[in-house]
Protein chains: 2
Amino acid sequence: MHQTKPIVNLFDFFDTIYPMGPEAKKALEQLIREKGYAKNEIVQELGSRCRTIYIVKTGGARIFYYKDGIDITEHFAFENDLIVRAESLFTGNPTSKGIQAIDKTRMVAIDSEKLFHLYDQHHDLERLFRLIFEREYVNTVKRLEILQFKSARERYLELLETTDFVQKIPLKYIASYLGITQVSLSRIRSGLG
Amino acid sequence: MHQTKPIVNLFDFFDTIYPMGPEAKKALEQLIREKGYAKNEIVQELGSRCRTIYIVKTGGARIFYYKDGIDITEHFAFENDLIVRAESLFTGNPTSKGIQAIDKTRMVAIDSEKLFHLYDQHHDLERLFRLIFEREYVNTVKRLEILQFKSARERYLELLETTDFVQKIPLKYIASYLGITQVSLSRIRSGLG
DNA sequence: CTGATTTTTTAACATTTGTAAAAGGTATTG
DNA sequence: CAATACCTTTTACAAATGTTAAAAAATCAG
């Protein structure tokens, strides 16, 4: 899997969203660890609590869970994308979902509990992550729209148009991400579906 | 349509999420107008920008749009529920969606542009609305999960279990909310689908 | 209350999508 | 390189959902 997006320095990336003061940056730096994962390695176990905010540096990861024994991919993340299990991160509840590296992957991991505590001291941090999660929220609303009333073919075509990750991920992940079976996706791709 | 939830004072409701200081409350009060809408009245036009955060006091409202000429309900809101078109509110872009009162409805309207400006002066306001929108984000993720891989029947049953608004809204709105046709919903309700 | 309008259900049929199994590809590993 | 495992496509059939139209039921307006 060759990655096309340029790999941006993390703090340069943050600056494009909200330029923080030096104290906030310093405080955030303390919370950040960089971690490497092998292809298919589990980053966060199914059923765990989400206490880490990940940002992908290289490679890719997915959020997944099982429904009636079937592996379903709910979310993909690649360069500079955030990956969190929001339903756990913002409630403190465990989630039945997990995170897995799709590829050899490097990620930045931010301790969310420590981060949330720092919000009181560093308004800039709260501002930055508020804006980051607002973006995620908007992305989720757009995905909802696609799943609510588009046909399998429409969903696939829209994915092709709006993303560049279809080429680099197993189609079985794509199928469940679109809410369809592999067979159905194959039919669509062959032009007969 | 009889409403069962108790109608809570707006600021009492805010206090349950994040108790603000008196200055922040005072500043927020300046932005708030209360408005009444007739049944089926359009609150925000299709295609407009979302510059208002609504909170339903009595009655109910929905976010809707047209897909291939078909009216699709994306979201419902009742007592103390927020209603915003996130993809516009957080980007500034216009959205093809609109807001409509489902019933005789009273709503609190908060000017979002003014509110967002107040975030700099009143950290408490940014905190409160960050928490409010985090909740909305979580709700959206849960809805995504339901739409992604559950059958029409499962979606309907889950709606019955987790909400109390099915009784009080036209079924045609429920059907599109679940991503199915009215005919399909009728079949499910009759126990044959 | 009554006629008109809107909503919901039912019916018949078409289409889409799912299921299961097999075959063909591709990648991985010893 | 061969053997294995995994991924994708194909096939045949089943089930779910959509489409169109009409009837029945509920709601609304005068």
Side-chain angles (χ1 to χ4, degrees), chain A residues 1-2 38-42 59-60 62 64 66-73 76 100-104 146-160 165-193, chain B residues 1-2 37-42 59-60 62 64 66-73 76 100-105 146-160 165-193:
Chain A
M1 293 187 195
H2 179 62
K39 179 170 181 172
N40 296 331
E41 187 176 347
I42 297 297
R62 68 186 187 112
F64 73 106
Y66 288 95
K67 198 225 165 201
D68 306 333
I70 296 166
D71 178 317
I72 296 177
T73 295
F76 290 114
Q100 183 182 33
I102 292 172
D103 207 350
K104 190 165 183 297
I146 292 166
L147 285 172
Q148 189 175 355
F149 242 102
K150 300 206 172 178
S151 67
R153 151 163 284 120
E154 285 176 306
R155 280 178 256 170
Y156 178 65
L157 293 178
E158 179 137 353
L159 190 73
L160 282 181
F165 60 70
V166 179
Q167 340 299 336
K168 46 186 187 188
I169 324 179
L171 288 170
K172 58 175 181 170
Y173 293 160
I174 302 282
S176 72
Y177 181 76
L178 295 174
I180 60 179
T181 60
Q182 289 179 58
V183 174
S184 201
L185 179 57
S186 250
R187 275 194 286 243
I188 291 164
R189 284 163 53 86
S190 77
L192 309 168
Chain B
M1 292 187 195
H2 178 63
Y37 297 91
K39 179 168 180 172
N40 296 331
E41 188 177 346
I42 296 297
R62 69 185 186 113
F64 72 107
Y66 289 95
K67 197 227 166 201
D68 304 334
I70 296 167
D71 178 318
I72 297 177
T73 295
F76 290 114
Q100 183 182 30
I102 293 173
D103 206 349
K104 190 165 183 296
T105 297
I146 291 166
L147 286 172
Q148 189 175 356
F149 242 103
K150 299 203 173 181
S151 68
R153 150 162 285 120
E154 285 175 306
R155 278 177 258 171
Y156 178 64
L157 294 178
E158 179 137 353
L159 191 73
L160 283 180
F165 60 71
V166 179
Q167 340 299 336
K168 45 187 187 187
I169 323 179
L171 287 169
K172 58 177 181 169
Y173 294 160
I174 302 281
S176 72
Y177 181 76
L178 294 174
I180 59 179
T181 61
Q182 290 179 57
V183 174
S184 200
L185 179 57
S186 250
R187 276 195 286 241
I188 289 164
R189 283 162 55 84
S190 77
L192 309 167

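This is a predicted model, so every value here is computed, not measured.
Between the P atom of C:dT16 and the CD1 atom of A:Ile188 lies a distance of 11 Å, rounded to the nearest Å. When the P atom of C:dT7 is taken as reference, atom CZ of B:Arg187 falls 20 Å away, rounded to whole Å. Here D:dC6 presents its C1' atom at 17 Å from CD1 of A:Ile169, a figure rounded to the nearest Å. What separates CG of B:Asp71 from P of C:dT6 is a distance of 14 Å, to the nearest Å. Distance CD (B:Glu154) to P (D:dT17): 9 Å, rounded to an integer number of Å.
Note: A:Phe165 and A:Tyr177 have perpendicular aromatic rings, judged against thresholds of 30 and 60 degrees for the angle between ring planes.
Among all heavy-atom pairs drawn from A:Ala101 and A:Ala38, the shortest one is CB-O, 3.5 Å. Across B:Leu185 and B:Leu171, no two heavy atoms sit closer than the pair CD2-O, 3.5 Å.
For A:Pro170, whose side chain is taken as the heavy atoms from C-beta onward, the closest listed nucleotide among D:dC28, D:dG18, D:dT8 is D:dT8. When the nucleotides C:dT8, D:dT8, D:dT19 are ranked by their closest atom to the side chain of A:Lys172, D:dT8 comes out on top. With C:dG18, C:dT8, D:dT8 as the candidates, the nucleotide lying closest to the side chain of A:Leu171 is D:dT8. When each of C:dT8, D:dT17, D:dT9 is scored by its nearest atom to the side-chain atoms of B:Ala152, the top-ranked nucleotide is D:dT17. Taking only side-chain atoms of B:Gln182, from C-beta outward, the nucleotide of D:dT9, C:dT8, D:dT17 with the closest atom is C:dT8.
Using a 4.0 Å heavy-atom cutoff across all strands shown, A:Ile180 reaches sugar-phosphate atoms only and no base atom.
Around atom NZ of B:Lys104, no more than 12 heavy atoms belonging to other residues, nucleotides or ligands sit under 6.0 Å away.
At the phosphate of D:dC28, OP1 or OP2 sits under 4.0 Å from a side-chain N or O atom of B:Lys39. B:Ser184 has no side-chain polar atom (N or O) that falls below the 4.0 Å cut-off from OP1 or OP2 of D:dT17. For A:Thr181 and C:dT17, the shortest distance from a side-chain N or O to OP1 or OP2 is not below 4.0 Å. In this structure, B:Arg189 does not reach the C:dT8 phosphate: none of its side-chain N or O atoms is under 4.0 Å from OP1 or OP2.
Comparing A:Tyr173 and A:Phe149 against DNA chain D, the residue whose closest nucleotide sits nearer the 5' end is A:Tyr173. Both B:Val183 and A:Leu185 lie near DNA chain C, and the one whose nearest nucleotide falls closer to the 5' end is B:Val183.
Between B:Phe149 and A:Leu147, the closest side-chain pair of non-hydrogen atoms is not below 4.5 Å.
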